[in-house]
Structures are given as C-alpha cells and as structure tokens.
Amino acid sequence: MVNPNMYYLNRVMSSLFLDTAVPGDERINFKSIHNIPDFWKYMEGPLLEGLYWNAWYASKKLYNLKNSSRIYYENILLGVPRVRQLKVRNGTCIVYRPFQSLMDECYDKYTSKNEDTLSFGIDPEWKYSAPTVKNLWHWGYVGVYRNGGYIFTLSKSKSENKNKFINLRMNSWITRGTRVIFIDFSVYNANVNLFCVVRLVAEFPATGGILTSWKFYSVKLLRYVSYYDYFIASCEITFCIFLLVFTIQEIIKIKKYRSAYFKSIWNWLELLLLMLCFVAVGFNLYCTIQTSLLLQELLNSTENYSDFYFLAYWNINYNNVIAVTIFFAWIKIFKFISFNKTMYQLSSTLSRCIKDIVGFAIMFFIIFFAYAQLGFLVFGSQVDDFSTFQNSIFAQFRIILGDFNFAGIQQADYILGPIYFITFIFFVFFVLLNMFLAIINDTYSEVKAGYSIGRKPDFELGKMLKQTCNTALEKLRLKKPPTEESKKIVKTGDLAEQARREGFDNTEIQNALQMKKWKERLEKKYYSAELQDDYQPVTQQEFRELYAPSGKNHYVLYIYATSFDHKCNLYIGAQ
C-alpha cells in the first residue's frame, strides 16, 4: 500500500506549490502568506505557474527539454482546478454597546449556523453552491468546514485564469466574512501509476490574518496493472481464506470454553485482530467499488473539476486500518516467544507489573495534567507550544525527551516560567519516571529469580519445535525412535533410573534427588502466589537439609539465593 514513490511524488508537488516564491518578492510563498494581498500574489504567480507547468497537455508537447532553466515534471493535471470559499454572515457576533458607534459589522468564527449562503454577485463564483452528500467536511486549524460555498473553476488558459484572478481581486471576492478558501486539484503520474490529490487551505480566523495548511495524498487508484499487482491480488484472496478459517476456529473455542475464553488477554487480542481484518476487507471492497464506479467518470470530465479527494480520503483510511492491523499482528508474536529465556522474562515482567504501572500511572498523569493546565494558562497566549491544552500536553512530553524552548517560556513570564520548568523537571523527570523504572526493575528481578528456581513458561515453543523435528527425523529414518522402556521412563518420570542408564552413581543420584525435593519445597514456600506474610524465616531443619554431607569426608553447602520482598534468616553452624 505504501512505496517510496509516494514520498518522492509528494515531495515534488510540495516543493512546487509550497516553496516556490512570488516573482520579485522572494519572501512570499504559500507557507508565508499572512494577509489578503499576499494571497492574491500567490494565486496570480506561483499557483498559476505550477498548474501550467504540470500541464493540461502531454508533457512531451509542452516542454522544451533543451531549456534547462525550466523544471520538467511528468505529471498531468486531471480536469481543472477548483477554488472554493466559505463565509459567515454579518451580525453573527455581538458588539459591546460603547463600541457600536465605532463599528457596525461583526463576523464571528465559522460554524454551519453562521455560514453565509446569500449570493453577492451575478457570475457563478459569486453565487452560493449547496453542499453535496458525497463531499467530505474538512477539519482545519480553527474550525471544521463543510462542503459547498462560493465556487469557481479555472480554465485551461493561463492568461484567462490570471484575468479572472485580477477581476476577483478588484471586486473584493474575499471579504471580511471570508473564513476559508480551498484550492483543489489532482494530477496523475503514469511513470509510477500514482494519483496525487492536492488541497491547499487558507483559513481566515476571526482574529485576522491567514493560516495556511495543505494535504498531499498520493494513492494508487489503478491497483491491478502489472504482474506484481496480480500477485498482491492473489495474496489478498489467500488472506481472506485464512481470515475465514481463523474466525471459525475462534467461534469453536468460544463455544467450547464459554466465559473462560475471555479470561486470557491473548484471546482478546485475537478477537481485536479479527475485527480489524474484517474492517480492512470492508474498506478494500468499498474503495474498489467506488473507484470502479467513479474513476472513468472523473477521467472523462476534462472540462470540469474532477473530485478525486473523496477516493483518496478513503484509500488513506484503508491504509491506516492496514497499518493498525499489522501493528497488533506483530504484538501477537509475544505469545510465541517464550521459547527464549530473555523473551520469556520480558513478557512475564510486562504482564506481572501492568497492575502496578496502571495504579502509578494515575498519580503520574494527575501531576502531568496539572502542569499542562498551568503551562496553558500561563504561557498559552504567547508561546506556540502552549497555545492549546493539547499542545501543552505534547510540549511536556517533548520536555521529557529533551526538546524544549526554555527561552520562550522564560520570556513569557520571568517568574513563573523558570519555576514551572525546574519543578516539572524535578518531580516528573527525576522522581516519577524513575519510580516507573523502579517498578519494572523490581518485577524483573522477581521474574528472573522465579525462572532460576524452575518456574518455566506454560507454553514453550522451543520444546514443541524440538519434538516436531524429532518426529520428522524418526519418520525419515534419520534418527532411531526411543525404545518402549525409555518411553516408560519418560512417561512415569523415573529420573533416577534414567540417570543410572547415563552412568551416574548412587551417591550423585541421591544428592540430586535431595536437592530437587528441597528446591520444590522452597519454591512452594517462598514463591507461592497466595503468600501474604512479609516475614518467612528459613528453619533450622531446612538449613540442615542444605548443609548435607556429600559422602566424601567433607560437606557441601547448597545455597539458593532469591530476591523477594520478604526477609529470610540463615542459620550458620559449625560441625
């Protein structure tokens, strides 16, 4: 769904339409527009030039390759671009009485209730066009804008478009009630089979000025063209077959285990993955159907605006669903990595300390949000990083990672700025974060100790793979199958008999069995999940069993170390 060509295409288009400066004034490009005169300069300069050189014609007919001063683009403009404006009515806000003699107009921020729908001219670009159901709303910096508005489409003539822009500028098409202007167009690059849908947005907030934003969506609408595309199609069909099989398996498990099925976190992850997979399949079918229905119609309307934004939007959302599905599919691998000691300890640590972390996280985020609210209220009107409460939260995460603008905070308030910064670093960074690490480290120590005294994972993939390989080798007659007596020993668990067959003497076997029994008792006593007492001393009898004669005129002291939160007494005696 994503390949490097998408990035390169977006980069070329953004360089052309965002970074190109106005001729004669290098400081003005789309990113640096702050007032209405600059906006018109951009429309009459870089926008027209970019659209013209992207071509409504085939590139070989339009460009002279010998002229190295011109940039050669392989993109063809589909249809014609569209410019759309949304306005608000006069009188949508209330002027305070002492100022009513000074100003008789008041335009509030944009909402669907405040939108102006009256025509203020004769030509189509001065008349309001009702919104359509298919078009999507746009979420901008200072508002959410619906479709419709005052619309005009450009022509294929550069001079005609420039005259139209001059006419609109001279007749004040942009007024005090203007709140947003959209510039929409789409191009196609046949070399990489990609459509690039471009939307340039200029918002006019009620406070004045202009805020610019943009979206470049590179999507592959013609999905099945090359042999590799058909290979991807076969993989999609295989995926659907596996999805159906796994769904049936989970339904059988739910019927078998009933409520016990939902007690495992891995089963919940399995259900989440299945749900995401079905959503992805639904998105795929919807995008394919819409593309087949609309694409040919959009390509045929060369004299009108071709709205590819609708198709690009749903393809981008389909890609997002695929990304989330792949993420959780990788997380599921943790279920099968217990064959490795380190991986088992990691997964066990995360699962055992999750309750402690969640409890501590509540206290952490109470303090964190308190600092975020403080930063927003103190610095929000002067520092961009704290301009909204959401920005304040992200700015604090950046401070934790070492990315911060202390000079801006200090300049906003010389007293509260340094106090806020120093106390935030001390309490959140030095205290709370290190407590998080202490919780994880303590749990890891317990898991590591439990692994060393014999607590093995319930499911060991390594043993399963080893048994599978042995079975395969036995069937291929590359390995001798075990005898009936050996199977009986393994089945009954007679380790002493197995040790005698391997050459160990009786003294070594007795010492090993004694050590095994003592370890089982110690694990049961000190590693029990039902342990409630904080003080469990080692008894003298346990010490005598540890301090056992080896049978060779000297003694062997078996020491088994644990690192739990309860205390242990060790009795030392001489003999």
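We number each residue from 1, following the sequence as shown. We use all heavy atoms of the structure for the numbers below, so side chains are in, but hydrogens, waters and symmetry mates are not.
For W173 and F152, the distance between ring centers is under 6.0 angstrom. Aromatic ring centres of Y217 and Y309 lie closer together than 6.0 Å. Less than 6.0 angstrom separates the ring centroid of F17 from the ring centroid of F185.
Within a 6.0 Å sphere centred on CG of L102, other residues, nucleotides and ligands contribute more than 12 heavy atoms. Around OH of Y8, the count of heavy atoms belonging to other residues, nucleotides or ligands within 6.0 Å does not exceed 12.
Considering every non-hydrogen atom in both V383 and G408, the closest pair reads CG2-O, 3.6 Å.
Using modelled atom types, no side-chain atom of T291 and backbone atom of L221 make a donor-acceptor pair closer than 3.5 Å. At distances below 3.5 Å, at least one donor-acceptor pair connects side-chain atoms of K164 with backbone N or O atoms of T153. The main-chain N or O of K127 is never found under 3.5 Å from a side-chain atom of S119 such that the two would form a donor-acceptor pair. In this structure, the side chain of N391 does not engage the main chain of F386 through any donor-acceptor pair within 3.5 Å.
Both tests hold for R199 against F182: distance to the six-membered ring centre under 6.0 Å, angle to the ring axis within 45°.
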Run the ring-ring contact (aromatic ring centres under 6.0 Å, His included) check on Y107 and F204 step by step: do they pass? CA-CA 11 Å; Y107 299 88; F204 298 74; over 10 Å; no
W268 vs F262, ring-ring contact (aromatic ring centres under 6.0 Å, His included): CA-CA, chis, key distance, verdict: CA-CA 7 Å; W268 283 101; F262 299 97; 5.5 Å; yes
Before giving the answer on ring-ring contact (aromatic ring centres under 6.0 Å, His included), spell out for F397 and F368 the whole-Å C-alpha distance, their side-chain angles and the decisive distance to 0.1 Å. CA-CA 9 Å; F397 279 116; F368 188 85; 4.7 Å; yes
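Side-chain contact check for M363 versus L432: some heavy-atom pair is nearer than 4.5 Å.
No hydrogens or angles considered: nothing links the side chains of Y110 and E203 as a donor-acceptor pair under 3.5 Å.
When the side chain to side chain donor-acceptor pair (under 3.5 Å) test is applied to T288, the partners found at least two apart in sequence or on another chain are R223, N284.
Each of F406, Y371, Y414 was evaluated against F421; a single residue qualifies, F406, per the ring-ring contact (aromatic ring centres under 6.0 Å, His included) test.
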